[in-house]
Amino acid sequence: MAIAMAWHKPDNVAGSSAPAIMVGLFVATGGLLFGYDTGTISGILAMKAFRKEFTTGYLDPNDKMGNISPAQSAQVVAILSAGTFFGALLAAPLGDKLGRRISLIIAVAIFSLGVLLQTVAMALPVLVSGRFFAGLGVGIISVLVPLYQSEMAPKWIRGTLVCAYQFAITIGLFLAAVVNFITKGIDGPSAFRIPLAMQFVWAGVLLLGLMLLPETPRYLIKRGNHGAAASSLSRLRRLDITHPALIEELAEIEANHEYELSLGASTYRDVFLGSPHLGRRLLTGCGLQMLQQLSGCNFIFYYGTTFFTNIGISSPFVIALITNIVNVASTVPGMILVESIGRRRLLMIGAGGMALCQLVVGTVGSIEAAQTSAHIILIVFVCFYIFFFASSWGPVVWVVTSEIYPLKVRAKAMSLSTASNWLLNFAIAYGTPYLVNTGTNLANLQAKIFFLWGFFCVVSLVFVWGMVYETSKISLEQIDELYERVDKAWHSKSFQPSWSFQEMRDEGASSSGVQLTDQDLARQRTGTSASQQSSTSTSEEDKIIAQLGDVDLSY
């Protein structure tokens, strides 16, 4: 019942949301590529076959057997994040020049090249180069999938659809854990080559689907292709191209874009200094993405198997499988609650819950790490931590950062905020072996590392309270008004839109007094207009719209 209420299309929304929902869910499978790659390398590093194939003479102090060194382990894991960092930065010029859909196709092709190199690798240099190219593709995908979803989704379910990207990441992690569990006992290189090669399946499915999907209407408006934008929106809303509701939604997108352009250019400088409050929005996005990584999430998924092995827990592959099941299942509540209780509250609840779990894990692991009872407590609270992360910070960060930027700089701002995620991801992936492992010049923190993650979870709670605006239940075009009218994040919950960008364009001024003096902004809309400036008489189109009554014409 709760799910049905949370995902029920409002009665006053015209058309069908089913096509947009299906497209959004399919594109979300881009997250599966990253999740599977992350989960695969976590298990592969602990496989005996992998250690035998790639060791360069280093002996692991825990079992005195050949292995790659902590420095090499850090390099293998972290190089993916280095690739994703550059991929995220590359996503903006690609997405703005070639379109969201074509750029995603290119990204999948780059990712597949990386998978090929990893699968055939017989030495660390080839493996590392393959992971870099895979990361480059994943970085582009991590920007463009949430961007694509937010630009085509109806507002009443936009948050849930973007959450589906994180849900796909968790499914990828789970599938990787399953495949690793099945193949870990195989003698020879097939033990790790099979999990690596499986990535071709996920990439192939996504590539074939992208060939059939439409470009987003908002991108087409940005490029001035109004006819194609109308056709794309018609497919997504299952409305005739002449339907008043579709005409009005398209007109609102167009008017909003023209209003944004009237406030300044769409350069990288404007991402930091533009109006309304683009610098604050960029800081919010970058802060959320960095704090998501500093919560310690990828410590579990990158090094969880190795960590559980080092503290003496038997069957670490089984524990990794359990944690991934929890991760998948816990994402579903987040997908439901992100619309019903909002972004801000869900993020604050998640940060508080994660901080408490990190404190317990750090304390118990530091005092009684060798006891069976301590192992049970550690596993239970790691699972609780994953629950809080997967139902809040895992999916909701992607939702917020896909919503808060205006169309003119959305790709650029998202690429910068996502790049900050991958930069911290790289730092954590590279630095963790030095912080956690035992040996010369290593910190040997073991479970004490959770105190560090817990501290940043507390910082996250404070950051959300002071910086994150509530953006649920309003359209992407209305978020500009939210930032223009509401000065404090904690006041954003009570915000109600008061005007539309069509009215602003027709009247030549914004509610805040910003004058739209460009003659192009005052022109009559051809084919998408619901009012005529040059005539006091009501058009036939206006009469049709007036007869609709209380119909929500914005998504």
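No experiment lies behind these values; they were computed from the predicted model shown.
Closest approach of Leu346 and Gly334 over heavy atoms only: CD2-O, 4.0 Å. Among all heavy-atom pairs drawn from Ala164 and Gln149, the shortest one is CB-NE2, 4.5 Å. Across all their heavy atoms, Ala20 and Met152 have their closest contact at O-CE, 2.8 Å. Scanning both residues, Gly139 and Trp422, for their nearest heavy atoms gives CA-NE1, 4.1 Å.
A search for ring-ring contact (aromatic ring centres under 6.0 Å, His included) contacts involving Phe389 returns nothing, not counting sequence neighbours. Taking the side chain to side chain donor-acceptor pair (under 3.5 Å) definition, one finds that Gln292 meets it with Asn421, sequence neighbours left out. By the side chain to side chain contact (heavy atoms under 4.5 Å, CB included) test, Val380 pairs with Ile376, Phe384, sequence neighbours left out.
Remark: Ile253 CD1 to Lys222 NZ distance equals 13.5 Å, nearest 0.5 Å. In this structure, OH in Tyr219 is found 9.5 Å from CD1 in Ile102, a value given to the nearest 0.5 Å. Rounded to the nearest 0.5 angstrom, Phe455 CZ and Gln358 CD are separated by 13.0 Å. Taking CG from Leu278 and CZ from Arg269, the interatomic distance works out to 11.5 Å, rounded to the nearest 0.5 Å. In this structure, NE2 in His277 is found 8.0 Å from CG in Asp487, a value given to the nearest 0.5 Å. Put simply, CG on Leu80 and CD1 on Ile41 are 8.5 Å apart, with the number rounded to the nearest 0.5 Å.
In this structure the side chain of Asn327 never reaches within 4.5 angstrom of the side chain of Phe174, judged on heavy atoms. Using a 4.5 Å cut-off on side-chain heavy atoms (C-beta onward), Leu283 and Cys286 make no contact. Residues Val364 and Phe381 form no side-chain contact, since every pair of their non-hydrogen atoms from C-beta on lies 4.5 Å or further apart. Considering only heavy atoms from C-beta on, Leu220 comes within 4.5 Å of Ser232 through its side chain. Proximity of Leu356 to Tyr385: side-chain heavy atoms (C-beta onward) are nowhere separated by under 4.5 Å. At a threshold of 4.5 Å between non-hydrogen side-chain atoms, the residues Arg101 and Pro214 do not count as touching. Taking 4.5 Å as the limit, every side-chain heavy atom of Leu423 sits out of range of all side-chain heavy atoms of Met290. The shortest distance between side-chain heavy atoms of Trp393 and Leu347 falls below 4.5 Å.
Classification of Arg100 and Glu215 as a salt-bridged pair fails, no side-chain N sitting under 4.0 Å from a carboxylate O. For Arg237 and Glu249, the salt-bridge test passes: some basic side-chain N is under 4.0 Å from an acidic carboxylate O. Between Asp96 and Arg223, no side-chain nitrogen of the basic residue sits less than 4.0 Å from a carboxylate oxygen of the acidic one, so the salt-bridge criterion is not met.
When Leu288, Val464, Val338, Thr401 are each tested for a side chain to side chain contact (heavy atoms under 4.5 Å, CB included) with Val396, only one passes: Val338. Of the listed residues (Leu173, Ile141, Ile169, Val145), just one forms a side chain to side chain contact (heavy atoms under 4.5 Å, CB included) with Phe34, and that residue is Ile169.
With hydrogens and angles disregarded, no donor-acceptor distance shorter than 3.5 Å links the side chain of Thr29 to the backbone of Leu206. Not a single donor-acceptor pair under 3.5 Å links the side chain of Thr284 to the backbone N or O of Val468. Side-chain N or O atoms of Tyr165 include none that pairs as donor or acceptor with a backbone N or O of Pro146 at under 3.5 Å. In this structure, the side chain of Ser103 does not engage the main chain of Leu98 through any donor-acceptor pair within 3.5 Å.
Taking the centre of each ring, Phe133 and Phe111 stay at or above the 6.0 Å mark.
Defined by atom type and a distance below 3.5 Å, a donor-acceptor pair is present between the side-chain atoms of Asp270 and Thr267. One side chain, Thr216 or Glu151, offers a donor N or O that lies under 3.5 Å from an acceptor on the other. Between the side chains of Ser472 and Glu470, at least one donor N or O sits under 3.5 Å from an acceptor N or O. No hydrogens or angles considered: a donor-acceptor pair under 3.5 Å links the side chains of Thr471 and Glu403.
In this structure, Arg280 is not positioned above the aromatic face of Tyr483 in the sense of NZ or CZ being under 6.0 Å from the six-membered ring centre and within 45° of the axis.
Between Trp453 and Phe299, the two ring planes are tilted [angle within 30° to 60°].
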For this session: List the steps and the verdict of side-chain contact (heavy atoms from CB on, under 4.5 Å) for Thr418 and Trp398.
Result: CA-CA 9 Å; Thr418 306; Trp398 297 106; 3.9 Å; yes
